[in-house]
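We use all heavy atoms of the structure for the numbers below, so side chains are in, but hydrogens, waters and symmetry mates are not. Position 1 is the first residue of the sequence; numbering continues from there.
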Amino acid sequence: MKAMIDRMSIQKRMMLYFSVPLLLIQIIVAAFTYPVLQEKFKSQLDYSMGQSINQAVSFLESYVQNMEYLTQLVEKNGEIYGILSAERSFEGHGEDMASYIEYYVLNSIFHSIEFSNSFYRFGLYIPYDISYVNNNYYFFPYSRLEVRDDYARMEEAFSAGRDYLALSDERKDIGSQKTSRMLTLYHRILSHVDQRALGVCSVSIDINRIAQVMENANITSRGLVYLVDAEGKGVVSSNETLYLMLEREDDFPRTGKETSWENVKIGGTDYFADRKNIAGSGWQMVSLIPVREYDGQFRGLVLNVVISAGIMGIMIMILSYFLSDYYVGRLKKLSLEMKRLQEGNLNVQLPAARQGDEVEEIYRNFNFMVDEVRRLLKEQFQLGKDVRAAEIRALQQQINPHFLYNTLDLVNWIAMDYGAEDIEKIAWNLARFYRLSLNHGQNLISIGEEVEHVQVYVNIQKFHYDDAVHLKTEVPEELKELACLNIILQPFVENAIVHGIGKRAEIKQCSVVIRAQRRDGDILFTVRDDGPGMTQEQMEMATALNINEIKGGYGVKNINFRIKLCFGEKYGVRYESVLGEGTTAFILLPAMTMEEAERKAL
């Protein structure tokens, strides 16, 4: 092994010495942390399963409680009770009229209650032989209950003073007699005087809502959640096909005491079974999760650990390669520079990184040998640099801003002498425009001067567009002495002009309104125009912070970038626009004096 390592290149040996210990440490850490992760994952999975079944039970109990409450609401209604408990001694037409009045009152009450509780359907089973008992919408004959297969159990529940919960076929929709499978709560209404039965009130809910609760409670793909009644008969399940298949097995869980994820075997397959009682109904909800699927959750954890370890191993190897390449590369660099020196190239220099290792010492000795030659070359280079600097200064003098200002002032005075008012105005506004734009090379300007800068720009554009550009500024006097970045308003006005009357012949006027107002500790500028507007994509492109696209100038992207760079991400530019109506730009800056702005922005 040692002989094989000795034959390796320096780079390969460095990779081996660096990566192998790190890989061993990684394996040891993974071996110790995996059991902890597995236990935490198991606890979280158990908690999720428990929560899902508990939430489903809570939903069903809530439905049952709501139905119980609604039956009490019907029973305690004075008009309903009065009609049901009244003695009937009508004859002939009087009976028909009295029955019609009763029907009208009861129908109105039930319609109002059902409309206010749209999830539920109501019915009233009346033991009396009256004309509206066969209405089959809200009112039914009591004999309809007597022919049910479970009537004996219903009577047993009524005799014990309990409500009875069962499946039935009831109306599915308000205003329709089309029936559907429903979960129904039956409640007997008794006389307050002699406790005789006056009728039975029913409240129903679509069984599909219960099925949805079962489906939401089933957190595994091959699991099953189902509801059974007090006799152990299935009511509804999350997967009807799977339920019918498992129900045929002898050891299929039906009714029994409450359990929490006990192991059961159904048809040769192991399951975790959880059984919960539904309060107030005598029914139970059962959840089955295949043990294999439960354990399969941990296989995913193992796979994640293996993948993570593999990725970390690859990263360690890559890092080892680059580190070894770095140090070997320094030696290769030395060899290359020495070869260039041997070929007569005296303009060589090795970097002095001051790392303090042996390679660095060799670098310093090499640099010392060519130091004198480098010094002479540097002096010659500096001489040429000074000459170029002098040439640049000469060019700068030719475009000195003060020379530009003085020249424009001269044009202004000459125009005044000759009475050329338009030329005078253009020259004065142009001089003021550049004086404010250049701002002696400063990045900050007062808000008053910034607004003036926009005004003189518009004054110039008025000549270009035959007075078709209109600017209105609403800036409180107390804000004009505060500071802002220079040239942050004029580009928005320029965009409004260029993309409005500048590009569209049908647009004859351009109006721009600039406002400034204080917002807490900030200042909000709004620049609103009545131009053609922008699309959402155009607004996003206008404010995108892509530094690579900012080549210079004072475009909107540049303004947004400068504001955020100086004052933070809270500040900047945003747009609101309606096509065909105009665009509004919002520029948010902190409210600061010039001194405060200089300390924060520079």
Side-chain angles (χ1 to χ4, degrees), residues 405 425 428-462 469-497 500 510-531 534 539 542-543 545 553-577 582-602:
Y405 304 154
K425 292 178 181 178
W428 187 90
N429 282 281
L430 185 60
R432 188 60 180 163
F433 177 81
Y434 279 110
R435 191 179 299 273
L436 292 171
S437 296
L438 298 175
N439 193 30
H440 304 291
Q442 299 300 312
N443 194 34
L444 296 172
I445 195 171
S446 70
I447 292 177
E449 290 176 323
E450 179 65 15
V451 173
E452 182 187 359
H453 178 253
V454 178
Q455 185 64 63
V456 297
Y457 171 77
V458 171
N459 291 342
I460 296 172
Q461 293 290 19
K462 283 176 175 289
V469 180
H470 306 284
L471 174 66
K472 180 180 179 182
T473 59
E474 299 177 5
V475 181
E477 289 297 326
E478 64 270 17
L479 299 183
K480 290 186 177 182
E481 295 302 320
L482 298 181
C484 68
L485 298 179
N486 67 330
I487 317 182
I488 62 169
L489 298 178
Q490 181 267 337
F492 296 99
V493 178
E494 181 178 354
N495 284 347
I497 296 172
C510 176
S511 296
V512 181
V513 179
I514 297 178
R515 292 188 177 92
Q517 55 185 319
R518 185 183 288 270
R519 289 283 182 86
D520 297 330
D522 301 324
I523 295 176
L524 178 66
F525 291 97
T526 58
V527 182
R528 180 172 58 84
D529 65 63
D530 58 355
M534 295 191 296
M539 288 189 289
T543 56
L545 289 178
Y554 294 97
V556 174
K557 289 183 182 180
N558 185 284
I559 295 171
N560 195 26
F561 176 74
R562 290 170 61 213
I563 294 174
K564 291 183 180 296
L565 182 65
C566 292
F567 303 118
E569 287 297 322
K570 173 184 175 182
Y571 303 98
V573 178
R574 68 180 180 87
Y575 274 111
E576 289 182 4
S577 183
T583 301
T584 302
F586 299 88
I587 305 101
L588 185 65
L589 296 175
M592 295 181 293
T593 63
M594 293 294 292
E595 293 76 11
E596 291 171 339
E598 288 174 355
R599 289 195 299 270
K600 185 169 184 178
L602 298 180

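Of the candidates L489, I514, L444, V475, L489 is the only one forming a side-chain contact (heavy atoms from CB on, under 4.5 Å) with E450. The side-chain contact (heavy atoms from CB on, under 4.5 Å) test with F492 singles out one residue from V573, D529, V512, and that residue is V573.
Every residue meeting the side-chain hydrogen bond (donor to acceptor under 3.5 Å, both in side chains) condition with E576, not counting sequence neighbours, appears here in chain and number order: R574. With sequence neighbours excluded, the residues satisfying side-chain hydrogen bond (donor to acceptor under 3.5 Å, both in side chains) with S446 are E449.
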Between V456 and I460, does a side-chain contact (heavy atoms from CB on, under 4.5 Å) hold up when you go through it step by step? CA-CA 6 Å; V456 297; I460 296 172; 5.6 Å; no
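Nearest heavy-atom pair across I559 and P491 is CD1-CG, 3.4 Å. Contact detail for G582 and S577: the closest heavy-atom pair is O-OG, 3.2 Å.
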Report, one line per pair, each donor and acceptor closer than 3.5 Å where one atom sits in a side chain of residues 520-527; sequence neighbours left out.
residue	atom	partner	partner atom	Å
D522	OD1	Y571	OH	2.8
D522	OD2	K570	NZ	3.0

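Here the straight-line distance linking atom CD1 of I587 with atom CG of L485 works out to 11.5 Å at 0.5 Å rounding. For the atom pair H453 NE2 and N486 CG, the distance stands at 8.0 Å (nearest 0.5 Å). One distance of note links CE of M534 with OG1 of T584; it measures 9.5 Å at 0.5 Å rounding.
Counting heavy-atom neighbours within 6.0 Å of E481 CD, excluding the residue itself, gives a total of 12 or less.
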